[in-house]
2 protein chains.
Amino acid sequence: MKRPFHHGNLRAVLLDQAEAMLREQGSDGLSLRELARQAGVSHGAPRSHFIDRQALLDALAEQGFDRFTDRARAALAVPGPVRERLRALGRAYVDFAVDNAALMELMFAAKSSQSSGPVHDAAMRFFQVLDGAMVDVSGAALDDGVRTRFKLLFAATMQGTAALITARRITREQGETLVDDAADALLASELGARLTAPRGEPADAPALSP
Amino acid sequence: MKRPFHHGNLRAVLLDQAEAMLREQGSDGLSLRELARQAGVSHGAPRSHFIDRQALLDALAEQGFDRFTDRARAALAVPGPVRERLRALGRAYVDFAVDNAALMELMFAAKSSQSSGPVHDAAMRFFQVLDGAMVDVSGAALDDGVRTRFKLLFAATMQGTAALITARRITREQGETLVDDAADALLASELGARLTAPRGEPADAPALSP
DNA sequence: CTAGAATCTAGTCACCGTCTAGACGTCGTT
DNA sequence: AACGACGTCTAGACGGTGACTAGATTCTAG
């Protein structure tokens, strides 16, 4: 099933080459026929492993989420004060997103965002790690709603920072500053305050005391 | 030059149809030949107005930035307390980005991010409006560096929020909450504090008074 | 060892973007 | 008014692509 056959392990080779091609050419430039050529097989061979182009892209996205999850976990494994850990997680997020811009596009593409399937599962796993990180970083069990909002705010900021870097609107260095600023802003916010000192009610309470 | 000829105004029609097709099918599904078919011209006709597919996409991106800029300006035109204005700008940002997800991809694609050309210029115009908004919202002249960081943090967060909605990781309603949270977090941050209470120069009255 | 399933080849199809030659309509110049 | 240049459009061709199919080949399970 997973083991070599005629070619060896075409599936794995295709995925590897596809990721390289993705990095160099973007997802538009990713051609099944070119992939087959590089692997030294006929143009129809990939079809035995991926029913169509989208299936290949989905597999890449799934793989991408898994690696993304690993990176996040690794960043969280380093101990330190809350702020430093948040920053580290943020940098890991942005670094991965920038180094794998085209992959990230696939991962977060609407097409892959079906409400089921392996890609969705891999994405869920990632967001669970992020969720755990919010508990972990604060060192306290939190109200679900608050934690979710905090998590989303964090994810959104990092995603956006990466987008700005990828779009060359800012440099990588500016991006790092942004990540640090974001971590600080998050911790200084009402949500962040509740991370370490629970309670207080939502919505319209001004975060900025006059 | 810009006026009707054989067809009428093919260029404008193509752009219109392209935008619709973009919204429905994404940029991958945007076909020049299909566009020509819908416009009732031969498959080679578009070439007279757009040298290649990328030129069409660039034109769309430019147009997109202009409309994006208009939306931002409109949101800023409504008076109100600082926080409300920031939220309004944020909602305008996210709304546009979600309603025009595929367009936004084009606008922020690396291909369009050349350091010159009409697309770049349109993008610059947009970011200048954003920059002006930061001054406008605070009602005070600020240190350039601080303002830029604040602006970028804002843009990144909104961009990311939109990305999460587009990827269906969160609902539009959650997105609105996110925008509000983000505005609050920004204003509560050190950067935000400096926005409303500049270190040296209080300038005019900080417009914060809910 | 054999039958069936997985894998791969080779050919075909429709579609695409791009390029070219040439027809057509418009406009500025003489 | 005539004409030549230019912008616009048509029609055909080329190479490339993803998808589908039939059939050969090879592995593997029984």
Side-chain angles (χ1 to χ4, degrees), chain A residues 1-61 102 105-106 109-112 118-119, chain B residues 1-61 102 105-106 109-112 118-119:
Chain A
M1 185 81 84
K2 302 265 193 92
R3 299 256 302 306
F5 246 59
H6 295 92
H7 164 279
N9 49 349
L10 224 205
R11 192 190 143 96
V13 167
L14 286 177
L15 280 176
D16 267 14
Q17 293 178 343
E19 205 177 313
M21 200 178 294
L22 193 63
R23 200 180 305 277
E24 293 162 10
Q25 313 245 16
S27 71
D28 285 353
L30 206 165
S31 150
L32 288 181
R33 288 177 110 106
E34 177 61 25
L35 242 32
R37 241 171 266 132
Q38 287 182 14
V41 296
S42 77
H43 67 268
R47 190 159 215 267
S48 299
H49 303 276
F50 307 100
I51 185 59
D52 59 14
R53 207 181 103 105
Q54 190 55 46
L56 206 219
L57 299 184
D58 284 351
L60 283 175
E105 239 176 69
L106 289 185
K111 289 163 188 168
S112 306
V119 183
Chain B
M1 186 79 87
K2 301 269 192 91
R3 298 259 299 306
F5 245 61
H6 294 93
H7 166 279
N9 49 350
L10 225 205
R11 191 191 144 96
V13 168
L14 286 177
L15 280 177
D16 267 13
Q17 293 178 343
E19 204 177 315
M21 199 178 293
L22 193 63
R23 202 180 304 278
E24 292 161 10
Q25 313 245 16
S27 71
D28 285 354
L30 206 166
S31 150
L32 288 182
R33 287 174 110 107
E34 177 62 25
L35 241 33
R37 242 171 265 132
Q38 288 183 14
V41 294
S42 76
H43 68 268
R47 189 160 217 267
S48 299
H49 303 276
F50 307 100
I51 184 60
D52 59 15
R53 207 181 103 104
Q54 189 56 46
L56 207 218
L57 300 184
D58 284 351
L60 282 175
E105 240 176 69
L106 289 186
K111 289 162 189 168
S112 306
V119 183

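Convention: sequence-line order gives letters A, B, ...; per-chain numbering from 1. If you're wondering where the values come from, they're calculated on a predicted model, not measured in any experiment.
- Applying the salt bridge (Lys or Arg N to Asp or Glu O under 4.0 Å) criterion to E19(B), with sequence neighbours excluded, gives R23(B), R67(B).
- Contact check of residues 19-26 of chain A against DNA chain D (heavy atom, cut-off under 4.0 Å) returns no residues at all.
- Listed by first and then second residue, the side-chain hydrogen bond (donor to acceptor under 3.5 Å, both in side chains) pairs involving residues 46-55 of chain B are Q54(B)-D58(B) (not counting sequence neighbours).
- A salt bridge (charged side-chain N to carboxylate O under 4.0 Å, His left out) check over residues 35-46 of chain B, counting only residues at least two apart or in different chains, returns the pairs E34(B)-R37(B).
- Contact annotation: the side chain of L30(B) approaches that of L56(B) to within less than 4.5 Å [non-hydrogen atoms, C-beta and beyond].
- The distance from atom CZ of F50(B) to atom C1' of dT18(C) is 16 Å, rounded to the nearest whole Å.
- Put simply, the side chain of L35(A) does not reach to within 4.5 Å of the side chain of V13(A), judged on heavy atoms.
- Residue L35(B) contributes atom CG, which lies 11 Å from atom P of dC16(C) at whole-angstrom precision.
- Taking atom CG on L10(B) and atom P on dG25(C), their separation rounds to 16 Å, with Å as the unit.
- Partners of A36(A) according to the side chain to side chain contact (heavy atoms under 4.5 Å, CB included) rule, which considers only residues two or more places apart in sequence or in another chain, are V41(A), P46(A).
- Rounded to an integer number of Å, the gap from H49(B) NE2 to dC6(D) P is 18 Å.
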Letter per nucleotide, 5' to 3', of nucleotides 10-19 of chain D [B base touched, S only sugar-phosphate touched, - untouched; heavy atoms, 4.0 Å]: BBBB---BBB
With side chain to side chain contact (heavy atoms under 4.5 Å, CB included) as the test, would you mind laying out the steps for V119(A) and L106(A) before giving the verdict? CA-CA 10 Å; V119(A) 183; L106(A) 289 185; over 6 Å; no
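- For the pair F50(B) and L15(B), the minimum side-chain heavy-atom distance is below 4.5 Å.
- What separates CG of D28(A) from P of dC16(C) is a distance of 15 Å, to the nearest Å.
- In this structure, CZ of R11(A) is placed 12 Å from P of dC8(C), rounded to the nearest angstrom.
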